Structure formats: structure tokens, C-alpha cells
Amino acid sequence: MAEARAKSRKSRKSRSAAKSAKSKKAAKAAKAAKATKAARSAKRAKAAKPSKPPSAQRAIPLRKPTPPSLPLSLEAKSPFEMRVNLGKDVPETDVQSALDSGDMGFLHSFTTGSTVDGPGVRVVAWTTGCLWRCRYCHNPDTWTMRNGYPVSVAKAAEEIGKYRHGLAVMSGGFTVSGGEPLMQHRFVVKLLTAAKKLGVHTTIETNGFLGDKLSDADLEQIDLVMLGIKTWGKERHEELTGRDIEPTLKFARRLAAKKRKIWVRFVYVPNLTDDLGEIGEIADFAAGLGNVERVEVLPFHQMGRYKWHELKIRYHLEKTEPPSAEAVARAVQVFRSAGLEAD
């Protein structure tokens, strides 16, 4: 009997061990199946997800777009308003393309209501870019082309059109100054042509150094040339401007031959352009042209000095005072003595 009970206990223990082993085996199989399922799920997610975000996959350098033409107001309170780097982000290829086609130009600003930039009341477009470095320049921020706004001919012409009726009433017109406008001669000619189509009188203020860039047909779009003659003599002129005087005189003679109207502008600077003998040479040259309607003697001022400081350019006339009214009157009289209308 005792032997039978022992066998029964051994049988129950064996069945219990077998059941426990079977249970462990099932748990292990379930765990393995779960791990396999998780692995498959992760693999599918990885396959569906790109290895890099789209932006990283197409990280190809793109050409920087041309900035908007008018990030700020095109109209300035005066040409003495400081403006720099307005076109600094325009790609070099776009700058060259603009100069070649003339469809776009670079403008420092527009000013309205001017009575000192041609006959009557004027709208004035101030271009950027100049090869000269006149010691008394009051707008050195216009020397650099990219300091100006990139503006289309159409947009600039639209600005002129706003004032066409008022300009006619006030016997005025449209003047392009600078800077040196002929640095952008194709743009300037297209703009002057647009102004003439609006029935607006056209004027260009230039130093004449790049006058050869204008064809005879181009000159027909300009009603008046305001020609700056800075001083007299090759050496004196180069000292003052950094450039030769002869191209300016050549352009003046060409305008005379074509009977195109000229106003001569001369800036009187104490101890720099105040030699009455040199002023007499300019007067004789202007009188001999036969097409000079007027001479303007402009007294030197210091209104642009702060720009030289801001741009960190050495300013040679730091201590130069504006001339007296009597000194300017003596210069005016030299021109009148040559038979010219001068003030």
C-alpha cells in the first residue's frame, strides 16, 4: 500500500513538471512572436520614412532672388538723405544685365518740388554710380551703384506720370542727376524717352565724362544738359576730381555743334576753385560754345559732410567755410563779363 502511494505521488509530480515545462515553452514562444512582430513593424516604419528630410535631400544651392524694387519709399525728403546698400543683394549678373539693357536702373531716390535743378519746378531722379571723386561732393553715397534701389523703367516712369500735369502748369519738368547719370546711360535714355512721351520737359545733369556713350538720337530725348565744369586745367582738374577734363570739354563742343541747350554749373569753393583767372578760362570756353543759355555759380556748403563721416571716407574740406556772398558775386561777374547770363 505504501508503495502504491509513493508511485502515485511520483506520477503526479511528473505530470506537474511536464505541465510547468509546457507552460514555460508556450510563454517563450509567445514572447518570441511578439518580438518578431515588433521588429517587422519597425522595419515597415523605417522603409516608409525617408532617411533625410526633404529639405536635406535637395540641399542644392539656389540663386538668391532679386530683392523687391522698392523696399522703402522711392521719394526722399531731399538728396541729402543718407541711403546705402539698397541694392547690395542684387546678383552681379543682374547688375550687368540691367546696365546692358537699360530696362532697370539704380536710383538713390526721387525728389519733388525742386526749383534748383532746371527750369521751373522739377521732379528729380538721383542715380547712383560715379567715376569721379570730387573733393566737395555732397552725395558720396551715390558713388556706389548698389547703394541705389533697383527700379524698372516702367516704375520710374509711373512716378513721373503722377506729376505730369502739375509740372506743365509750373513750367517745370523731369531731371536726372546723380551720381553720374551716364554711368547708366541706357536706363537714363529710356527714362527720358518715357518722360517725353508724357509731354514732360527733360533735363540731365552730368559731368559729361561719358558723353560719348550717347548717340545723336539719344541727345534728341534731352531738352537741356546741365553740364558741370569743375575747374580749369588738366592737373587742377585731376587733383579735384580724379579724372581728366578733356572728355567733358569734348562733350560740350559736341553739344554746341548739335545746337543742344546747355546750362553750365560751377561750384565755388574757397581756396580750391576760387581763382578768378581759372574762372575766366571757364567763362571764355563757355561763351565760345554759343549754346550756353545760363551759368549757375553754386556756393560750396557743408550739408553733405556727415555722409563722408558715416562712410568713413577722408574728407579734405573739413575746415572749409562756405564763401561769402561778395566772393560768389565776383565769380558771377566774371561770367557776365564774358557775355553770359549768370547768377
Side-chain angles (χ1 to χ4, degrees), residues 55 58-76 79 81-112 123-133 137 139-162 174-198 200 202 204-215 217-219 221-222 242-243 307 310-313:
S55 59
R58 48 174 197 270
I60 301 171
L62 300 176
R63 175 173 156 175
K64 198 168 187 177
T66 300
S69 294
L70 301 176
L72 299 172
S73 172
L74 182 58
E75 186 174 343
E81 183 178 319
M82 184 80 165
R83 296 191 174 196
V84 296
N85 296 327
L86 300 178
K88 65 182 178 62
D89 292 328
V90 179
E92 182 62 36
T93 53
D94 286 6
V95 173
Q96 193 56 54
S97 176
L99 296 177
D100 291 342
S101 69
D103 292 333
M104 184 180 79
F106 294 84
L107 298 181
H108 173 280
S109 59
F110 264 79
T111 54
T112 58
V123 170
V124 185
W126 304 88
T127 63
T128 51
C130 187
L131 292 173
W132 289 21
R133 296 294 180 264
C137 180
N139 285 323
D141 53 331
T142 64
W143 290 353
T144 303
M145 188 82 69
R146 280 200 173 101
N147 275 354
Y149 286 130
V151 181
S152 68
V153 171
K155 178 61 182 177
E158 180 183 323
E159 290 294 311
I160 301 168
K162 293 177 183 177
F174 173 61
T175 299
V176 183
S177 187
E180 171 47 52
L182 297 186
M183 286 281 288
Q184 304 182 55
H185 69 285
R186 290 189 174 91
F187 170 75
V188 166
V189 169
K190 286 188 176 185
L191 189 52
L192 293 172
T193 301
K196 284 189 72 69
K197 287 181 179 178
L198 293 170
V200 175
T202 58
I204 183 172
E205 183 182 2
T206 176
N207 58 41
F209 188 78
L210 299 174
D212 282 349
K213 289 183 175 292
L214 297 177
S215 67
D218 293 339
L219 293 178
Q221 306 305 315
I222 306 171
R243 297 286 173 171
K307 291 188 175 184
E310 288 292 323
L311 295 170
K312 295 180 171 45
I313 306 172

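Heavy atoms only: backbone and side chains are in, while hydrogens, waters and symmetry mates are out. Remember, predicted model here, so these are calculated numbers, not experimental data.
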*Between Glu180 and Thr127, does a side-chain hydrogen bond (donor to acceptor under 3.5 Å, both in side chains) hold up when you go through it step by step?*
CA-CA 7 Å; Glu180 171 47 52; Thr127 63; over 6 Å; no
Side chains of [X] and [Y]: closer than 4.5 Å at any heavy-atom pair?
{"X": "Phe187", "Y": "Val176", "value": "no"}
{"X": "Lys196", "Y": "Leu192", "value": "no"}
{"X": "Leu311", "Y": "Trp143", "value": "no"}
{"X": "Leu99", "Y": "Met145", "value": "yes"}
{"X": "His185", "Y": "Leu210", "value": "no"}
{"X": "Thr128", "Y": "Gln184", "value": "yes"}
{"X": "Asn85", "Y": "Asn147", "value": "yes"}
{"X": "Arg146", "Y": "Val95", "value": "yes"}

Least distance between heavy atoms, [X] atom then [Y] atom:
{"X": "Pro150", "Y": "Val90", "value": "CG-CG2, 4.0 Å"}
{"X": "Gln221", "Y": "Thr202", "value": "O-OG1, 2.7 Å"}
{"X": "Leu86", "Y": "His108", "value": "CD1-O, 4.5 Å"}
{"X": "Pro181", "Y": "Ser177", "value": "CG-O, 3.4 Å"}
{"X": "Asn207", "Y": "Cys130", "value": "ND2-SG, 4.4 Å"}

In Å and rounded to the nearest 0.5 Å, what is the [atom1] to [atom2] distance from [X] to [Y]?
{"X": "Asp103", "Y": "Lys190", "atom1": "CG", "atom2": "NZ", "value": "3.5 Å"}
{"X": "Tyr149", "Y": "Leu107", "atom1": "OH", "atom2": "CG", "value": "10.0 Å"}
{"X": "Asp218", "Y": "Leu182", "atom1": "CG", "atom2": "CG", "value": "9.5 Å"}
{"X": "Gln96", "Y": "Ser101", "atom1": "CD", "atom2": "OG", "value": "10.0 Å"}
{"X": "Lys88", "Y": "Thr144", "atom1": "NZ", "atom2": "OG1", "value": "14.0 Å"}
{"X": "Asn139", "Y": "Met82", "atom1": "CG", "atom2": "CE", "value": "10.0 Å"}

*Cationic N near anionic O, under 4.0 Å, Lys155 to Glu158*: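 Glu158 and Lys155: salt-bridged.
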*Just do the side chain to side chain contact (heavy atoms under 4.5 Å, CB included) check on Asp141 and Trp126 with the steps written out, would you?*
CA-CA 11 Å; Asp141 53 331; Trp126 304 88; over 6 Å; no
*Lys162 atom NZ, over 12 foreign heavy atoms within 6.0 Å*: yes
*Does Arg243 use its side chain to pair, donor to acceptor, with the backbone of Trp132 at less than 3.5 Å?*
no
*Within the distance-only criterion (no hydrogens, no angle test), does the side chain of Ser97 pair as donor or acceptor with the backbone N or O of Thr93 below 3.5 angstrom?*
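Between the backbone of Thr93 and the side chain of Ser97 there is no qualifying donor-acceptor contact (under 3.5 Å).
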*Test side chain to side chain contact (heavy atoms under 4.5 Å, CB included) applied to Arg83 and Ser109, step by step*: CA-CA 9 Å; Arg83 296 191 174 196; Ser109 59; 3.8 Å; yes
*Test log, rule side chain to side chain contact (heavy atoms under 4.5 Å, CB included), inputs Val123 and Val200*: CA-CA 10 Å; Val123 170; Val200 175; over 6 Å; no
_Test log, rule side chain to side chain contact (heavy atoms under 4.5 Å, CB included), inputs Ile313 and Lys307_ = CA-CA 9 Å; Ile313 306 172; Lys307 291 188 175 184; over 6 Å; no
*Describe, in one word, how the ring planes of Phe110 and Phe174 are oriented to each other, choosing from parallel (under 30°), tilted (30 to 60°) and perpendicular (over 60°).*
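Rings of Phe110 and Phe174: parallel, under 30°.
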